[in-house]
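Reviewing the structure listed below.
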Amino acid sequence: MHMSDGLLNAPLSVALLVIAAVGVGIALVRARADLDDRTAPMAGLVATFIFAVQMINFPILPGASGHLLGGALAAILVGPYVGALCVTIVLVVQALLFADGGLTALGANVTNMALIGTAAGFLVAVALRKLAERGKGGLAAVAFVSAFVNTLLAATGFVVEYAIGGAGGVEIGKVALLMWGLHALIGIGEGLITAVTVTSVASIRPDLVHLLRGNAKPLEVRS
C-alpha cells in the first residue's frame, strides 16, 4: 500500500499532500474531545501496534507494497480522529526513518491509509454497532468486516490516484487487478487480527473501546 517517490506525477502528489494536511488538521482539532488521561495511553499503544504490523510488507508492483493497514483497528479502539492521527504518525515515522514510502508520496499514503481507510472502517463499524453490542462474537464480526472494507477502500484510493496521475509505467488495469486481488487477501488477515485484538481489549476493558462507549459492561463469551 505504501507508494514510493515517482509513482504519481508532481501535480497530483502536491494535491494529495494538501488533502492530507487538511484532513489531519481536522483530526487534530476533533481528537481533543476523545483524548484524556485514560485514552491517551491507549492511543500510544494503538500507534505502536500499527507500526509493528505495518513493518511486514508484501511487494505488489515496482514502487508499491502491500501490508496490514490498521485504520479500522485504530478507529474502533480510539475513534476515527485519534485513529487517523495514530496511522499518520506511523506513516511519517516510517517515511522519515525507514524509507518505507516516499516523502513526495506521503500525502497519498496518509490520504489512503490514515484518512480513507480509517474513515471507511469506522463508518462500517458504526453502521453495525448494534451487532457489536450483542457480545464478543458480534464485535468480532464487526471488527472483521470493518477491517476488510478499510483495506479494500484504501487500495481503491491508490487505484484511483494512479489512474489520475500514475507515473509508474504500469497499465491501470494491471494495477487495479493486483491491488484489489492482493488486498482482498490482505484484508482477510487484517480482519482476523483486528477481530482478535478488539475483542481481547473489550473483554477486559470495554470502556476503552471507542465503539462501545455507553455500553461498558464486560462482553459475554457466548457459545
Side-chain angles (χ1 to χ4, degrees), residues 1-5 7-8 12-36 39-57 63-126 146-147 149-158 160-161 183 186-187 190 193-194 197-198 208 210-211:
M1 179 62 66
H2 277 96
M3 291 190 190
S4 65
D5 294 326
L7 195 59
L8 299 178
L12 182 57
S13 295
V14 172
L16 289 170
L17 185 60
V18 172
I19 292 172
V22 172
V24 172
I26 293 173
L28 277 169
V29 174
R30 299 295 296 271
R32 296 176 182 176
D34 293 329
L35 282 176
D36 53 32
T39 58
M42 185 65 176
L45 290 174
V46 168
T48 301
F49 181 79
I50 293 173
F51 178 84
V53 299
Q54 280 201 6
M55 293 303 289
I56 305 173
N57 287 280
S65 60
H67 53 72
L68 303 179
L69 277 68
L73 171 67
I76 291 173
L77 290 179
V78 295
Y81 302 112
V82 178
L85 295 180
C86 288
V87 178
T88 298
I89 291 171
V90 169
L91 294 174
V92 171
V93 170
Q94 288 176 339
L96 293 178
L97 300 183
F98 297 92
D100 195 358
L103 290 179
T104 62
L106 186 58
N109 290 328
V110 169
T111 298
N112 293 334
M113 289 182 272
L115 301 182
I116 295 176
T118 302
F122 185 71
L123 290 174
V124 172
V126 169
S146 299
V149 173
N150 149 50
T151 304
L152 285 186
L153 286 187
T156 299
F158 181 110
V160 171
E161 291 155 9
H183 278 84
I186 292 172
E190 174 143 1
I193 291 174
T194 302
T197 304
V198 169
L208 293 180
H210 187 278
L211 185 67

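- Every residue was checked against the ring-ring contact (aromatic ring centres under 6.0 Å, His included) condition with Y81, not counting sequence neighbours, and none meets it.
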Which side-chain N or O atoms in residues 19-27 pair as donor and acceptor under 3.5 Å with protein atoms at least two apart or in another chain?
none

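- The shortest non-hydrogen separation linking L153 to A120 is CD1-CB, 3.4 Å.
- In this structure, OG1 on T151 lies 5.0 Å from CG on L69, to the nearest 0.5 angstrom.
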Step by step, work out the side chain to side chain contact (heavy atoms under 4.5 Å, CB included) result for L35 and V82.
CA-CA 8 Å; L35 282 176; V82 178; 3.9 Å; yes
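- When side chains are defined from C-beta on, E161 counts as touching N112, because their heavy atoms get closer than 4.5 Å.
- By the side-chain contact (heavy atoms from CB on, under 4.5 Å) test, A95 pairs with L103, L106, sequence neighbours left out.
- The structure places OG1 of T88 at 6.0 Å from CG of L115, a figure rounded to the nearest 0.5 Å.
- Looking only at side-chain heavy atoms (C-beta outward), T111 and I116 come within less than 4.5 Å of each other.
- Every residue was checked against the side-chain hydrogen bond (donor to acceptor under 3.5 Å, both in side chains) condition with T197, not counting sequence neighbours, and none meets it.
- Closest non-hydrogen pair, A74 versus G83, comes out as CB-CA, 3.6 Å.
- Closest of all the heavy-atom pairs between A72 and G121 is CB-CA, 3.9 Å.
- Residues satisfying the side-chain contact (heavy atoms from CB on, under 4.5 Å) criterion with A15, sequence neighbours excluded, are absent altogether.
- Under the rule for a side-chain contact (heavy atoms from CB on, under 4.5 Å), the partners of V160 that lie at least two apart in sequence or sit in another chain are T156, I164.
- Taking all atoms of both residues into account, the shortest heavy-atom contact from V90 to F51 is CG1-CA, 3.7 Å.
- What you find for A108 and M3 is that their closest heavy atoms are CB-SD, 3.8 Å.
- Checking side-chain atoms of T39 against main-chain N and O of D34 turns up a donor-acceptor pair under 3.5 Å.
- Annotation: the span from I76 atom CD1 to L211 atom CG amounts to 6.0 Å, rounded to 0.5 Å.
- In this structure, a donor-acceptor pair under 3.5 Å is absent between the side chains of N109 and Q94.
- In terms of modelled atom types and a separation under 3.5 Å, the side chain of S146 and the main chain of A125 share a donor-acceptor contact.
- Counting all heavy atoms, side chain and backbone alike, V87 lies closest to G71 at CG2-CA, 4.3 Å.
- The closest side-chain heavy-atom distance from N150 to T118 is not below 4.5 Å.
- Between F122 and H210, some side-chain heavy-atom pair lies under the 4.5 Å cut-off.
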